[in-house]
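Worksheet: one structure, shown below.
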Number of protein chains: 2
Amino acid sequence: MPRTSDKRERLVDAAMTLFHHRGFAQTSLSDIAAQSGVPLGNVYYYFKTKDDLANAVIHERMQHQHGIFQLCEQKDDPKGNLLCFLDFLVEHRADIAKYGCPVGGLCQELNKDESQLSDKADELLNQALKWTTLQFEQMQRKDAAELAQHLLANTHGASLLANTFNEPQIVKQEAEKMKDWIESL
Amino acid sequence: MPRTSDKRERLVDAAMTLFHHRGFAQTSLSDIAAQSGVPLGNVYYYFKTKDDLANAVIHERMQHQHGIFQLCEQKDDPKGNLLCFLDFLVEHRADIAKYGCPVGGLCQELNKDESQLSDKADELLNQALKWTTLQFEQMQRKDAAELAQHLLANTHGASLLANTFNEPQIVKQEAEKMKDWIESL
DNA sequence: GTCTATATGTTGATAGAC
DNA sequence: GTCTATCAACATATAGAC
């Protein structure tokens with residue numbers, strides 16, 4: 001038997017995708033086991049409960065989102081960083097229209113949960129809010145927190161509309177609006 | 001036995017509240033039966049399936065939302081109507097922060113559903129989009145649809161942030177921003 | 001029309017052989 | 001570490017007495 005196995009990674013990857021596409025509550029451990037090629041009973045060797053697996057998914061999404069923000073920081077120009085983030089959303093508009101924003105979706109659903117998962121998911125949106133606020137602060141804006149809140153409100157609302165009406169261009173149109181807004185600051 | 005009964009109405013009311021607070025998938029027919037004081041087995045006399053009940057809830061939300069928009073039309077001034085709608089959101093900011101936007105929540109969740117419920121829920125957001133577009137059209141704006149989309153994106157995103165961080169003032173702050181924006185048009 | 005009892009399926013989770 | 005078999009709880013939905 002191998003000392004290391006990629007089963008845990010495969011489980012988290014499958015869960016991340018399925019939670020995004022179908023939602024947390026609507027995804028069974030059986031679905032995740034099948035998608036990742038791990039027998040159902042073996043899932044519990046890696047995760048004691050479904051919530052445990054969800055925590056791992058949220059952690060992985062944190063890492064993933066952190067990587068996205070790092071990619072947007074290459075220029076050390078805060079205004080350019082924000083525009084780069086909006087471009088990233090536009091690039092992924094097809095996915096957003098089809099399945100919604102993975103971060104917004106998790107927060108929306110887990111906010112209704114009474115477990116500790118709710119707070120963990122909140123950290124995802126908080127990470128985004130902090131990064132966005134930092135960019136505005138580096139633009140010498142005293143109202144950085146307010147501006148960041150406005151930007152995130154718009155992008156997440158745009159994702160909901162795009163997903164609901166299945167129209168990717170809504171993400172693009174709203175992103176363009178926010179890019180003009182940022183340029184005008 | 002009474003020819004008419006309020007059981008059906010009580011079931012829809014209870015389902016509407018529970019779907020909002022806990023979500024559709026996380027609410028069982030047993031929960032709804034208990035909350036409305038109707039025995040579980042009797043639910044199926046009024047609704048053949050859970051999806052049937054969900055359809056009734058969506059229809060009721062359509063009526064409810066229609067009533068809200070009518071209340072905002074009292075002045076026959078389109079700009080005032082839009083400001084009135086934003087004031088309505090601010091008034092309900094505590095509920096939005098606690099349970100999220102009932103319309104946005106339903107759309108978000110049912111968008112991931114493969115049944116016909118998804119399309120029905122979309123009509124809710126579409127009703128809001130149409131009304132908002134009409135107001136901008138009456139303001140002689142050629143880009144009415146675009147402006148309406150921007151307004152709804154912002155309010156729904158603000159609801160998500162307020163719900164996630166449990167901060168009602170986010171709804172208020174963003175609504176004020178959009179009121180200023182509308183005044184400036 | 002109303003309600004109790006129950007069928008039927010799926011879920012998260014466990015036991016224990018290998 | 002891995003996997004099969006299975007449990008117990010809960011879900012939607014039905015049967016049938018009243």
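We name chains A, B, ... by the order of the sequence lines, and we start the count at 1 in each one. Predicted model, so just to flag it, every value in this text is computed and none were measured.
Under 4.0 Å is where a charged nitrogen must lie from a carboxylate oxygen, and between B/Asp52 and B/Lys48 no such pair does.
Between B/Phe69 and B/Phe85, the ring-plane angle classifies as tilted under the 30° and 60° cut-offs. Using bins of under 30°, 30° to 60° and over 60° for the plane-to-plane angle, the ring pair B/Tyr99/B/His21 lands in the parallel bin.
The ring pair (Phe, Tyr, Trp, His ring centres under 6.0 Å) check on A/His64 picks up nothing, with sequence neighbours excluded.
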ask   = How does protein contact run along nucleotides 3-18 of chain C, one letter per nucleotide 5' to 3', with B for base contact, S for sugar-phosphate only, - for none, heavy atoms under 4.0 Å?
value = BB------SSBB----

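A/Glu146 is not listed as a side-chain neighbour of B/Gln173, based on a closest heavy-atom distance of 4.5 Å or more.
What separates CZ of B/Phe47 from P of D/dA11 is a distance of 19 Å, to the nearest Å.
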